[in-house]
Amino acid sequence: MLPVLIAYLSLSVPLIAAQTVYMAGDSTMAKGGGGFTGSDGWGEYLGQYLTIPVVNKAIAGRSSRSYTDESRFTTLINTVAKGDYVIIEFGHNDGLSGSTDNGRQCAYGSDYSTTATVTASNGTQIVIHTFNYYIQNAVTSLLAKGAIPIVSSQTPSDDWSDGSIVAGPRFVGYASLAASRTGVTFVDHYEYTARAYDALGESTVDTYFPVDHTHTTVAGANVVAQAFVRGLLCGSSALKSKVNSAGNAVPNGCV
């Protein structure tokens, strides 16, 4: 009778897959941030606001193209399980690099099919694709694995105009398009972080950028992580159900 009861219970109680949040991005997200003492990326501070584990796969100096070309997206796609979340955030390193290819630049534009031919430092001709091509391909492959991608816009740099963070670069809009075209959640991390910075004020935010205008200190990285959580809470992603009490208490409102 006992084996029968056990068998019945195993069939009647649904199995809940373990969930993990994976993160793909550049130095603004990565462990160690900009590489100077006291710098860190915001991906190192997201876990304190969630009830499920976070694995930060961001790598400094990467763009959507180089993360693809180095097979890092492929590794991530092969790693994730059904129900895992993947936060994808690029843009800081994806811009044009001039006459010599830097291995990171993407073809200009927001469509999927545009390509450009660039010249490497050794004279080799390389065909490159747009930011949206690389991001949308990664999202589509992750969806096929049963993962839950979230496309996030890049974080603001310490650039101000009349007391406010300046408007975001083109990759903020490109990220939104990538999410809408693939039917996944978009978090406007740029806007939520800009609102947080504006509330703190320029003099305070300047202290988060002691070396350059892109890479934050630990304190700054935590503000950026909180801004992402606020974006989650104001959106429709199922990941917001995994935000803990500390996450629900992060400052600022919805945009």
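We use all heavy atoms of the structure for the numbers below, so side chains are in, but hydrogens, waters and symmetry mates are not.
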Exercise for the section: Write down the atom of Asn56, the atom of Lys31, and the distance for their closest heavy-atom approach. Expected result: ND2-N, 3.8 Å
Problem - Shortest non-hydrogen contact between Ser180 and Leu177, atoms and distance - result: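 The pair with the smallest heavy-atom distance is OG-O, 3.0 Å.
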Just how far is it from atom [atom1] of [X] to atom [atom2] of [Y], taken to the nearest 0.5 Å?
{"X": "Cys254", "Y": "Leu233", "atom1": "SG", "atom2": "CG", "answer": "7.5 Å"}
{"X": "Leu239", "Y": "Ile52", "atom1": "CG", "atom2": "CD1", "answer": "5.5 Å"}
{"X": "Tyr108", "Y": "Ile128", "atom1": "OH", "atom2": "CD1", "answer": "13.5 Å"}
{"X": "Arg195", "Y": "Ile165", "atom1": "CZ", "atom2": "CD1", "answer": "12.5 Å"}
{"X": "Ser237", "Y": "Ile150", "atom1": "OG", "atom2": "CD1", "answer": "3.5 Å"}
{"X": "Tyr134", "Y": "Ser64", "atom1": "OH", "atom2": "OG", "answer": "7.0 Å"}

If we only count heavy atoms from C-beta on, is the [X] to [Y] side-chain gap below 4.5 Å?
{"X": "Met29", "Y": "Glu89", "answer": "yes"}
{"X": "Asp188", "Y": "Val255", "answer": "no"}
{"X": "Pro210", "Y": "Thr217", "answer": "yes"}
{"X": "Thr20", "Y": "Tyr22", "answer": "yes"}
{"X": "Ser63", "Y": "His92", "answer": "no"}
{"X": "Arg181", "Y": "Ser110", "answer": "yes"}
{"X": "Val151", "Y": "Ile135", "answer": "yes"}
{"X": "His215", "Y": "Phe209", "answer": "no"}

Backbone of [Y] reached by a side-chain donor or acceptor of [X] within 3.5 Å:
{"X": "Ser241", "Y": "Ala238", "answer": "yes"}
{"X": "Thr182", "Y": "Ala178", "answer": "yes"}
{"X": "Arg104", "Y": "Asp94", "answer": "no"}
{"X": "Ser39", "Y": "Gly34", "answer": "yes"}
{"X": "Arg65", "Y": "His129", "answer": "no"}
{"X": "Asp84", "Y": "Val80", "answer": "no"}
{"X": "Asp198", "Y": "Gly201", "answer": "no"}
{"X": "Asn93", "Y": "Arg62", "answer": "yes"}
{"X": "Thr193", "Y": "Thr155", "answer": "no"}
{"X": "Asp26", "Y": "Ala60", "answer": "no"}

Exercise for the section: Check the angle between the aromatic planes of Tyr67 and Phe73 and answer parallel, tilted or perpendicular using the 30° and 60° thresholds. Expected result: perpendicular
Handout entry: Geometric class of the His189/Trp42 ring pair [parallel <30°, tilted 30-60°, perpendicular >60°]
Key =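 The arrangement is perpendicular - the two ring planes meet at more than 60°.
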Practice task
Tell me, with the steps shown, if Val172 and Gln154 meet side-chain contact (heavy atoms from CB on, under 4.5 Å).
Solution key: CA-CA 6 Å; Val172 173; Gln154 70 179 82; 4.2 Å; yes
Exercise for the section: Check whether Ile77 and Phe90 end up in the same hydrophobic cluster, where Ile, Leu, Val, Met, Phe, Trp and Tyr are linked by side-chain heavy atoms less than 4.5 Å apart. Expected result: yes
Handout entry: Test side-chain contact (heavy atoms from CB on, under 4.5 Å) applied to Leu142 and Ile148, step by step
Key = CA-CA 7 Å; Leu142 287 163; Ile148 307 169; over 6 Å; no
Handout entry: Selection residues 135-171 - residue pairs positive for ring pair (Phe, Tyr, Trp, His ring centres under 6.0 Å), sequence neighbours left out
Key =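 For residues 135-171: Phe131-Phe171, Phe171-Tyr174.
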Exercise for the section: Take Cys106 and Tyr133 through the test side-chain contact (heavy atoms from CB on, under 4.5 Å) and record every step on the way to the result. Expected result: CA-CA 9 Å; Cys106 299; Tyr133 172 91; over 6 Å; no
Handout entry: Asn122, CG atom: more than 12 neighbouring heavy atoms under 6.0 Å
Key =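 Yes, enclosed.
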Handout entry: Check: Thr130/Asn132 side-chain N/O donor and acceptor closer than 3.5 Å
Key =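 Asn132 and Thr130 do not have a side-chain donor-acceptor pair below 3.5 Å.
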Exercise for the section: Establish, from distance only, whether the side-chain atoms of Asn222 and Gln48 form a donor-acceptor pair under 3.5 Å. Expected result: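 Yes, side-chain donor-acceptor contact under 3.5 Å.
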Problem - Stepwise side chain to side chain donor-acceptor pair (under 3.5 Å) check, Tyr49 with Gln226 - result: CA-CA 8 Å; Tyr49 301 115; Gln226 290 179 346; 3.0 Å; yes
